[in-house]
Protein chains: 2
Amino acid sequence: MAAALSVISGKWKLSIINQLLSGQKRYSEINRAIPGMTEKMLSQQIRELEEDGIVSRHIFPEVPPRVEYSLTPIGQELSSIFYTLERWGSHYMTITNDNGEVIQPDYTCYTLVKQDDEVVKESV
Amino acid sequence: MAAALSVISGKWKLSIINQLLSGQKRYSEINRAIPGMTEKMLSQQIRELEEDGIVSRHIFPEVPPRVEYSLTPIGQELSSIFYTLERWGSHYMTITNDNGEVIQPDYTCYTLVKQDDEVVKESV
DNA sequence: TCTATAACCTACCAAAAAGTACGTTCCGCA
DNA sequence: TGCGGAACGTACTTTTTGGTAGGTTATAGA
């Protein structure tokens, strides 16, 4: 489980994998598709994904160079993780508002003690 | 999806949630159950989980103090994420060995060019 | 000759996360 | 009169991660 997390944690890895889920792509395509990401980050993170066996790299010995990336079979199996994360995440966001405050009935029980001093949480 | 990840990423959060999946626990119980984690980390990360609405805190105004933590309903729904991560992770680990090298047939295609220079990867 | 392109790499810097060490409060107990 | 335990908080340092700015190679085209 920790292994799974360590493989996908990294600021841009989800985006990169997401790009590759729709098929083989070359470096510059991925780069253009993810705004805000620098080239250094792309090559760094995609290299880590490659070392972890998630993506594979095809180098075409041409000039100018051409490199295509695609997901390995086990990389493609990550889609189940994507699906689960997405489902929980969207459910979670319907329950919390933009400030990250919980909209649902107050699960937390701030003690009797604190309630005397101040208003800890207002109901929405 | 990013929201889901940000909620569970943190070196000890998975362990903490894992502890709470088996029911309500108090601070010191969790602390003893997770070796290597300092008290500061526990209080820091469990506070973040609380702010995210994943765990709830019950303070008993006694001396010595007693605080019990438990998962909120949406926290319990994380178990599906746990299950998916665990399943993929264990599958992943049967495919890679202890050094993180891929055991399966070589997905990566190190070019013709490189193969002349050196042995890039040995088959296991 | 000058410039642009692809797919990088390197050195350096800043910010975020984690770890270490110690302090706090209240009480019961020896 | 200390001592220990519960559940933290705070100051400081280290480690990890991400970002900026530049360089590289070889060739095609203006």
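In what follows, chains carry the letters A, B, and so on, assigned in the order in which the sequence lines appear, proteins first and then strands, with residues in each chain numbered from 1.
- Applying the side chain to side chain donor-acceptor pair (under 3.5 Å) criterion to Gln76(B), with sequence neighbours excluded, gives no partner residue.
- Considering only the side chain of Met41(B), dG19(C) comes nearest among dC8(C), dA26(D), dG19(C).
- How far OG of Ser79(A) is from CG of Asn18(A): 11.0 Å, rounded to the nearest 0.5 Å.
- Nearest heavy atom pair, residue Leu49(B) against residue Ile16(B), reads CD1-CG2, 4.0 Å.
- Applying a 4.0 Å cut-off to non-hydrogen atoms, the residues of residues 11-35 of chain B that approach DNA chain D are Arg26(B), Tyr27(B), Ser28(B), listed by residue number.
- Applying the 4.0 Å criterion to OP1 and OP2 of dA7(D), one finds that Arg47(B) has every side-chain N and O outside that range.
- Where the helix from dT1(C)-dA30(D) to dA30(C)-dT1(D) starts and where it ends, the local axes point in directions that differ by 30°; five pairs per end, rounded to 10°.
- Trp12(B) contributes no side-chain N or O that, together with a main-chain N or O of Thr38(B), makes up a donor-acceptor pair within less than 3.5 Å.
- Arg57(A) has a side-chain polar atom (N or O) that falls below the 4.0 Å cut-off from OP1 or OP2 of dC8(C).
- Of all nucleotides listed (dG18(D), dA7(D), dT5(C)), dA7(D) comes nearest to the side chain of Glu39(B).
- The phosphate of dT17(D) has neither OP1 nor OP2 within less than 4.0 Å of any side-chain N or O from Gln45(A).
- Taking only distance into account, the side chain of Lys40(B) never meets the base of dG9(D) through a donor-acceptor pair shorter than 3.5 Å.
- No donor-acceptor pair under 3.5 Å is formed between the side chain of Tyr27(A) and the backbone N or O of Leu42(A).
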